[in-house]
Number of protein chains: 2
Amino acid sequence: MQLVETIKQIQPLDETAMQLARERQNLITKPAGSLGRLEELSIQLAGMMGKPMPVIRNKTIIIMAGDHGVVAEGVSAYPQEVTRQMVLNFLAGGAAINVLARHVGAKVVVADMGVAREIPTASETLIRRKIGTGTMNLARGPAMSCEQAEESVQSGIDIALGEIFKGADILGAGDMGIGNTTPSAAIACALMSVPPDKIAGHGTGINDEGLERKISAIVWGLENNRPNTEDGLDVLAKVGGFEIGGLAGVMIGAASKHVPVMVDGFISTAAAMIAVTIAPQCKKYLIAAHRSRENGHMLMLEWLGLKPLLDLDMRLGEGSGAAIGISLAEAACKVLSEMATFAEAGVSEKDS
Amino acid sequence: MQLVETIKQIQPLDETAMQLARERQNLITKPAGSLGRLEELSIQLAGMMGKPMPVIRNKTIIIMAGDHGVVAEGVSAYPQEVTRQMVLNFLAGGAAINVLARHVGAKVVVADMGVAREIPTASETLIRRKIGTGTMNLARGPAMSCEQAEESVQSGIDIALGEIFKGADILGAGDMGIGNTTPSAAIACALMSVPPDKIAGHGTGINDEGLERKISAIVWGLENNRPNTEDGLDVLAKVGGFEIGGLAGVMIGAASKHVPVMVDGFISTAAAMIAVTIAPQCKKYLIAAHRSRENGHMLMLEWLGLKPLLDLDMRLGEGSGAAIGISLAEAACKVLSEMATFAEAGVSEKDS
């Protein structure tokens, strides 16, 4: 479905479902509020999913992969080839996200949104939507054309709708792309109007000189490209990435179908910033899984108005934080629907 | 096995296993350190379990229940009868811990360590170890005799060893006992030498007058009983509870068998303070699941030197935080053993 039409379909949260969920939280056998964030989360999920007792059965983590021309500036600790190698690792089931997704019972799909080289595998887990063979170098000019930006978001919508059609009750947003903390930081700097040293961090582990190169690349990128911060697609085109646009599309597509999206870490949060700039209504369907150790992530979450569920010093991406967050969301729904009420269990209520 | 003998069997963490786990964390396909607390946890678990690649399959949450004479002081928002009613709810599977334990694949056992009235059920899930029909009022005299204190710890050891014999790879420590935030706060105040207003909180939801009564009860309890803070059993006898002693025993027993214990919230942490006062060696086998919203919990964790994995504003007890923590521990082990190495996956390593 086309982007504009998809955005029109995004509805506010279902207040009636939320009220019913809130009331039930006070009827089940525990002191009111004693499950804290799990209670809040269950009420939020009721509103998103439009059901007083939402059920999360099928969980899908969508990992979007893409390469980045900005690696020419020496912004990453790993060679570009690792993007493709890690995609193969995802398809073989050997990466952290595979282990964590199996642990929480989630399915993993991997979308090639713009990996530089071909992925030579015919795996059912792989979705081929290559917008280009890596972006251009954002430090020297736009990362992609306007058409490519729109195509990447559109592809993300299509992929989300496809997974929802197959039964996904919740989506996790994961990323893979050597160099992609640089466009993510650039997006955050543009949209928040903050200098790069407040946002950019050591990514997968560059040293201090690498971090300086990264900051310079972002400064140049923003000065050369002057993204229009009112226009999410323009920011994406100027300093973004194909997988980042794809993840923004996933969020918009999911929101249009009342499906919650568990936002992962730094890259996924930058994608969320693009998504809400394009379609502010989709924000209500986003849940922040965790606070990444990457510099600036917390500021980005605050800009989005999202409070992370976890703080485990993680900074891997791939949807690794989202996997754990999805398990908490499922637990929150189960608590709401499976616990006995005071009346059912014959438990006395509070004295006063 | 007798307490003294059990304590003698507690060994330091296995440094070799930890070193091998640490090395493997750097060989698997992710930037070193990028899984943060999950990596640390896997290394810790390797040390506890004495295996370079520990495996957590069978998970058991032991909920210990007991009543408290101090409820006569008006320290709780719920009537005492709720302890027994909630035990029945646990046995019927309708409480939060049942839902969360099912979610993470853990077994629940419930031990009646001192519920005031009889539990009229022959459930396999129920372990009968009633030390007394509730403690005495700690504000007016010792909560229990020295013999009862020792018996409660001993029973906890026996129960832990029983569950480990049945195959438990990790134990979760949960509690149920109307009024038990009062003895827990009293234990913390005694052992940390801090005034009750720094530790006691609103528990299951008492109002401000109730909190004042609670603080007074703790002040009286400590003044009247003068617990010997060098002697964990004496502190337990003077201001503790049967389920608290039982949980301390679970921790000591598990440590003697190289089995990690996931500490839950406020009450379980007070039990941990008793356990490490009795047997300092057992501390290395404890993992703090979460930071409870109950006042003072963080100070208690700091005293123990434990850093909580989660902060979800929970304050329910029952082992609810421990259930989620156990799932993280299992995930940490799986990441360590199931992820592919760089060599296996053909992924290039860091440039520098």
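Order of the sequence lines sets the chain letters (A, B, ...), proteins ahead of strands, with each chain counted from 1. Quick note: numbers below take in every heavy atom, side chains included, and nothing from hydrogens, waters or symmetry partners.
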Portion of A:F90 that has a non-hydrogen atom of chain B nearer than 4.5 angstrom: neither
Counting heavy atoms not belonging to B:K107, are there more than 12 under 6.0 Å from its NZ? yes
B:L312 vs A:L328 side-chain heavy atoms within contact, under 4.5 Å: yes
Contact origin within A:R84 toward chain B - heavy atom pairs under 4.5 Å: neither
Quick one: does any side-chain atom of A:K334 pair with a main-chain N or O of B:H103 as donor and acceptor, under 3.5 Å? no
Mark yes or no for whether A:K30, through its side chain, and B:L316, through its backbone, hold a donor-acceptor pair below 3.5 Å. no
Sidechain N-carboxylate O distance under 4.0 Å for A:E338, B:R102: yes
Of the backbone (N, CA, C, O) and the side chain (C-beta and beyond), which part of B:S327 lies under 4.5 Å from a heavy atom of chain A, both, or neither? both
Atom CG of B:L35 and atom CG of A:D313: how far apart are they, to the nearest 0.5 Å? 11.0 Å
Quick check on A:A323 against chain B: is it the side chain, the backbone, both or neither that has a heavy atom closer than 4.5 Å? neither
Check each atom of A:A331 against the heavy atoms of chain B and say whether the ones under 4.5 Å are side chain, backbone, both or neither. both
Need one label for A:S320: side chain, backbone, both or neither, based on atoms under 4.5 Å from any heavy atom in chain B. side chain
